[in-house]
2 protein chains.
Amino acid sequence: MSPDTRHDEALELLQQLGLKEYEARCLVTLVGVADATAKQVSDESDVPRTRVYDAMRVLESRGLVEVQHAKPQRFRSVPVGEAVETLRRWYDARLDPLETALRRLHDTGAPETGETHEVWSLLSRDGIASRTRQITEEAEREVVLVVGTESVLTDELLGALADANERGVSVVVGALDEGIRERVEAAAPDAEVFVSELEWLRGVEGAAEEGVSVGRLLLVDGSTILVSSFDPESSTERAVFGRGFSNGLVLITRRLMETGLSRGGRAVGSPERTDGAAHDGEHADSEPGSSDDPESREE
Amino acid sequence: MSPDTRHDEALELLQQLGLKEYEARCLVTLVGVADATAKQVSDESDVPRTRVYDAMRVLESRGLVEVQHAKPQRFRSVPVGEAVETLRRWYDARLDPLETALRRLHDTGAPETGETHEVWSLLSRDGIASRTRQITEEAEREVVLVVGTESVLTDELLGALADANERGVSVVVGALDEGIRERVEAAAPDAEVFVSELEWLRGVEGAAEEGVSVGRLLLVDGSTILVSSFDPESSTERAVFGRGFSNGLVLITRRLMETGLSRGGRAVGSPERTDGAAHDGEHADSEPGSSDDPESREE
DNA sequence: AATTTTTGTGATTAATCGAGTCACACCCCG
DNA sequence: CGGGGTGTGACTCGATTAATCACAAAAATT
């Protein structure tokens, strides 16, 4: 990575972290020089000299630069470690009280029964990863995961699989290539990993969108499902997930996976109940029947 | 704290963390209701209904809310803990690479010799606390701290004092009341704590500003000084600090502290050198002479 | 069936904020 | 006496946000 790229990367990151463009440019420049006047900073950073002063004031009040009040003012940045630490504290000082405030606002009403016909959609990479982890942690009997795009297989996800594995939950993973198999087996030794018989994954979605592929597909205890599509173009992952044995999305996904994954006499995702409660009729365990379930549509 | 206050606090924090006003309002509303349509959110949050959709899209892409794509769309927030965790990850994912990028940009030129005539100024609470810690950690012989405002005596600072104490550095603390004495002695048993003889602290600054008082005053090894003023009105702390035995600010501060703190035959902050190098003349150890050192002025 | 809400999209306006430029009054140096 | 560097403040322009409105389709009411 060229120093130029690093320069731009730092600029971008600082702006994402809430600094304005001028502030970011000034800070990056200062980090590289130990000590400078407004003009020097301006020349180096392309920030109009007259605006350097404003930016520096903000940076000073953020604890990121120090100012020498002399006839020609001089500016210098705080040591890098300290600057990053200051930023980190700044966020923590807001995240912690935020969590407290939100928890008190939270209406702890119905504790989310596991049986609904809803299908929810999520967009962000992080959000989907987070849900994946949560769902995996709730697994009591079985976790079936199909990895359609290698980039979904993060260390965090591998850890969640290993955890489930150690809890005695059976873990079945479908993968598109051997590399994935190796990583999964390294993390969760007792997992079963399938590599073949997954051709149906490619081109599953409406042929309209080109290049979009299955990102991940997670079925837990035959009753909770999460399916994501991955667009390599925009690096965007979009997921839908649903709970409940009779959830439409769960039904058709179970069908799909039974066709695609049940090898060696092993039926995957069979809907045996582990909890005693009989939520509703048994219309979920045999033929779904309806081929155009309104809740199974995405987008 | 009333629920109304918590509501506003959460709003404010979310916006500081980068959300737009509408996004923050929508999220806060969702946290309180488990499930809602655009109209319900709009009524509750004062966000124009037609804009709720936009806000929700952003929140979804941030991993903070989930959307049920049904005839009347329904929105719900991710569990609070997950939401905060998602935000935290978001920041960490930027802070870590930022630190790397900045370190590579950093020009490790002159390693900052201890002898300069510069006086630097800092503004933020965090920045000053950070510098205080750093300076204290560098102490080899003696740390003299005067606490003018109780709020500067954080646990972090007490910890730094205790560390120095255990390293064999002599710690002298001047305080305005007994409460401070007790806290310091609890943390650093070997520290000497003065409570009286500090009346000169009040009204030290130009009489122009009312209510502004001395925040902290730190002298390390007789050669590094940090002085801060604290404005209770705005809760703002502003500090200047300088290094070097012959630094103007160091000189006059040493004079001040000798007058104010040397009790029991103990001369505080005497400029004995601990390093062998003879940087410049010995004009620092007796009478400062010049009463109007240009580098000793703040603001 | 007729009427009224609700829903989702889009265009449009108004206000605010950030980026960028200019004019000025220094001050210091040769 | 210039000329370049310094610091402040006013100002323009453009993008982003907050806020309103018009509209068509779809429930829900009556």
Side-chain angles (χ1 to χ4, degrees), chain A residues 8 11-12 14-30 33 35-62 65-76 118 120-121 123 294-295 297-299, chain B residues 8 11-12 14-30 33 35-62 65-76 118 120-121 123 294-295 297-299:
Chain A
D8 294 348
L11 272 185
E12 173 66 19
L14 283 169
Q15 290 187 63
Q16 287 187 1
L17 288 168
L19 297 203
K20 304 305 173 193
E21 181 183 334
Y22 285 176
E23 294 159 16
R25 302 189 95 87
C26 286
L27 181 57
V28 167
T29 299
L30 277 191
V33 290
D35 193 8
T37 67
K39 173 158 179 51
Q40 290 171 320
V41 171
S42 171
D43 291 343
E44 183 81 11
S45 66
D46 279 317
V47 173
R49 184 185 57 85
T50 56
R51 295 296 117 230
V52 169
Y53 301 98
D54 309 61
M56 290 301 180
R57 257 187 290 276
V58 175
L59 290 172
E60 188 190 9
S61 77
R62 281 271 229 155
V65 310
E66 297 169 352
V67 181
Q68 186 181 3
H69 289 279
K71 350 239 187 124
Q73 284 184 329
R74 299 193 74 81
F75 309 96
R76 74 175 181 191
E118 308 161 345
W120 296 88
S121 111
L123 253 183
E295 301 204 300
R297 271 188 313 231
E298 181 187 354
E299 214 285 335
Chain B
D8 293 348
L11 274 184
E12 173 66 20
L14 283 169
Q15 290 189 63
Q16 287 187 3
L17 288 168
L19 298 203
K20 304 306 173 193
E21 181 183 334
Y22 285 174
E23 295 158 17
R25 301 188 95 88
C26 287
L27 181 57
V28 167
T29 298
L30 277 191
V33 291
D35 193 10
T37 67
K39 173 160 177 48
Q40 290 171 319
V41 171
S42 171
D43 292 342
E44 182 82 12
S45 67
D46 279 319
V47 173
R49 184 187 57 85
T50 54
R51 294 299 118 228
V52 169
Y53 302 97
D54 309 61
M56 289 303 180
R57 256 186 291 276
V58 175
L59 289 172
E60 189 191 9
S61 76
R62 280 272 229 158
V65 310
E66 296 169 354
V67 180
Q68 187 181 5
H69 289 280
K71 325 17 122 69
Q73 284 184 331
R74 298 194 74 80
F75 308 96
R76 75 173 180 191
E118 308 162 346
W120 296 87
S121 113
L123 253 184
E295 300 203 302
R297 272 190 311 233
E298 183 188 352
E299 216 283 335

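No experiment lies behind these values; they were computed from the predicted model shown. Protein chains get the first letters and strands the later ones, always in sequence-line order, with residue 1 at the start of each.
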Taking [atom1] from [X] and [atom2] from [N], how many angstroms apart are they, rounded to a whole number?
X	N	atom1	atom2	answer
A:Leu19	C:dC17	CG	C1'	16 Å
A:Glu60	D:dG7	CD	P	14 Å
A:Asp54	D:dC11	CG	C1'	14 Å
A:Arg25	C:dG20	CZ	P	8 Å
A:Arg74	D:dG5	CZ	P	14 Å
B:Glu23	D:dA19	CD	P	13 Å
B:Tyr53	D:dA19	OH	C1'	16 Å
B:Met56	C:dT9	CE	P	13 Å

Checklist entry - Which part of the nucleic acid does A:Arg57 contact within heavy-atom distance under 4.0 Å: base, sugar-phosphate only, or nothing? => result sugar-phosphate
Next on the checklist: Strictly under 4.0 angstrom, non-hydrogen atoms only: write out the protein contact profile of nucleotides 21-30 of chain C, one letter per nucleotide from the 5' end, B, S or -.
Outcome noted: BB--------
Next on the checklist: Quick one: does any side-chain atom of B:Gln15 pair with a main-chain N or O of B:Glu12 as donor and acceptor, under 3.5 Å?
Outcome noted: no
Next on the checklist: If you define the side chain from C-beta out and look only at heavy atoms, does anything of A:Leu123 sit under 4.5 Å from B:Val67?
Outcome noted: no
Next on the checklist: With a 4.5 Å cut-off on side-chain heavy atoms, are B:Val58 and B:Lys20 touching?
Outcome noted: no
Checklist entry - What distance separates B:Leu30 CG from B:Glu44 CD, expressed to the nearest 0.5 Å? => result 10.0 Å
Checklist entry - Can you name the one residue among B:Gln68, B:Gln73, B:His69 that meets side-chain hydrogen bond (donor to acceptor under 3.5 Å, both in side chains) with A:Ser121? => result B:His69
Item to check | Closest nucleotide among C:dG18, C:dG8, D:dA18 to the B:Glu21 side chain | outcome: D:dA18
Checklist outcome for this item: Nearest heavy-atom contact between A:Val47 and A:Ser42 is O-OG, 2.7 Å
